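Structure first, commentary second.
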2 protein chains.
Amino acid sequence: MLAGTDRKREILSVSQRLFKEKGYSTTTVREIARELNIEPASLYSHVHSKEDILDQICFGMAEKLLLAIDEVNDIYFDAEGKLRMMVDNHVGILTDDLNAAIVFIKEWRHLSEPRLSEFVRLRKRYEQGLREIIQTGIDEHKFNEIDKKFGALTILSTVNGIIDWYKPEGNLKPKEIADSLYTFIWSGLRLDN
Amino acid sequence: MLAGTDRKREILSVSQRLFKEKGYSTTTVREIARELNIEPASLYSHVHSKEDILDQICFGMAEKLLLAIDEVNDIYFDAEGKLRMMVDNHVGILTDDLNAAIVFIKEWRHLSEPRLSEFVRLRKRYEQGLREIIQTGIDEHKFNEIDKKFGALTILSTVNGIIDWYKPEGNLKPKEIADSLYTFIWSGLRLDN
DNA sequence: CCTACCGATCGGTAGG
DNA sequence: CCTACCGATCGGTAGG
């Protein structure tokens, strides 16, 4: 299977949690190994390097999000539908794998070249997808002639912000968060009329 | 003076830039020293430790922001005025010292106890100030009965998001950014009528 | 998956 | 602000 062996998935899972708690740089391969009750050297049978782990977390999330936004822009035709589904997908993907999402958003810059540039390219493609949604709204005379880049980045930081406070065991469910955020963003962009 | 000697301010300035570029953990005291053309050991005449540098950056920004939001809640009486001035202050403080702002927002968790807890307390006080603004709007029947905590955190991530793309040499000035963000947030929270 | 190990580098101190 | 230095720890490899 694509996700690798059981052991490999365990390594990724433990690493995500540690990278989230202490940051990538501060987490040591010794800590990861200890949580798995194996020797540090044994990790290297499953991953090429510490950065390899970060790489798989970051690109895994990036691919999920890109797939989702491409689907939105393929299927929906009006801005309202596009925005609603985009926010719903985005919140769903982040909350579904919160540790990975936090690492993806906060630790990607510790990737080294050439993967760093490849990652930045994927992120730009996502922003481009967001701009397409905003452009649809402008064409429909629903949105202000807002600077599309400004709008895309503002939407992104608004939805990504949930990772700092979302708690799976809390009473605010992903679907409700997505609904609130959609309303907030839609109203914020909407032309007054 | 409060900011310390010239040399100390140079150390903070160089550290802010390096912490922003590479993250706190990945930056070494040797790199900081090299940029100042001194030996690593010489840094310790001006700061107690590497963490001491991070401490001063994080608490410096926190104090500026707290002072500003307290002023807003003291002076302005209606939600529109409060929100407008809060966004303006917040964007102004972040953009005025962008490197420090980025470190403040992204690296504070590398503080160790007991300073870490003190920092978190300051951040909670700021969120409390934001909730006070939202409450004012609810009392005036301008805002939806939005969950105040959700609203405060969403506002925060929306305004903080600018640090990821703001460029001092760009054509979008802090005042314009603040105006756009204010409109976005105000409309997003506003009751439809 | 383990034992045994390595070169590099880390933050920081002593003493001037 | 420098010279000289230290104990600790890092990511990773060889070889089984």
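Just so it is clear, the model here is predicted, and its values are computed rather than measured.
- Rounded to a whole Å, the NE2 atom of H46(A) is 16 Å from the C1' atom of dG12(D).
- Between S45(A) and dC1(C) there is no side-chain polar atom (N or O) within less than 4.0 angstrom of OP1 or OP2.
- Out of dC2(C), dC1(D), dA14(C), the shortest distance to the side chain of E39(A) is found at dC2(C).
- Here the P atom of nucleotide dT13(D) and the CG atom of D52(A) are 12 Å apart, to the nearest Å.
- In summary, the side chains of H48(A) and D55(A) do not present any donor paired with an acceptor at a separation below 3.5 Å, with no hydrogens or angles considered.
- Exactly one of I185(A), L181(A), I133(A) qualifies for a side-chain contact (heavy atoms from CB on, under 4.5 Å) with I155(A). That residue is I185(A).
- The side chain of A41(B) has dA4(D) as its nearest neighbour among dC1(C), dA4(D), dT13(D).
- Between R7(B) and E10(B), at least one side-chain N (NZ, or NE/NH1/NH2) sits under 4.0 Å from a carboxylate O, which counts as a salt bridge.
- Taking atom CZ of residue R7(A) and atom C1' of nucleotide dC1(C), one finds them 9 Å apart after rounding to whole Å.
- Of the candidate nucleotides dC10(C), dG12(C), dG11(D), dG12(C) has the atom nearest to the side chain of Y44(B).
- Inter-residue side-chain proximity for L153(A) and L130(A) is flagged as unmet; no heavy-atom pair is nearer than 4.5 Å.
- One atom, CD1 of I11(A), and another, P of dG11(D), lie 14 Å apart when rounded to the nearest Å.
- In this structure dG12(C) sits in a base pair with dC5(D), meeting the Watson-Crick or G-U test at under 3.5 Å.
- If you take CD of E51(B) and C1' of dG12(C), they are 14 Å apart, rounded to a whole angstrom.
- Taking the nucleotide of DNA chain D with the nearest heavy atom to each of H48(A) and T28(A), the more 5' of the two is matched to T28(A).
- Atom pair E31(B):CD and dC10(C):C1' shows a separation of 11 Å (rounding to whole Å applied).
- Of the listed nucleotides (dC1(C), dG11(D), dC2(D)), dC1(C) has the atom at the smallest distance from the side chain of I38(A).
- In this structure, the CD1 atom of I32(B) is 15 Å from the P atom of dC1(D), given to the nearest Å.
- Of all heavy-atom pairs spanning F104(A) and C58(A), the tightest one is CD1-O, 3.4 Å.
- As judged by a 4.0 angstrom heavy-atom cut-off over every strand, T26(B) is placed among residues making no nucleic acid contact.
- Between dG12(D) and R30(A), no contact under 4.0 Å exists linking OP1 or OP2 to a side-chain N or O.
- Comparing dG12(D), dC1(C), dC2(D) by their closest approach to the side chain of K50(A) singles out dG12(D).
- Rounded to a whole Å, the CG atom of L43(A) is 13 Å from the P atom of dC10(D).
- No engagement by S25(A) is indicated, since no non-hydrogen atom pair under 4.0 Å with the nucleic acid exists.
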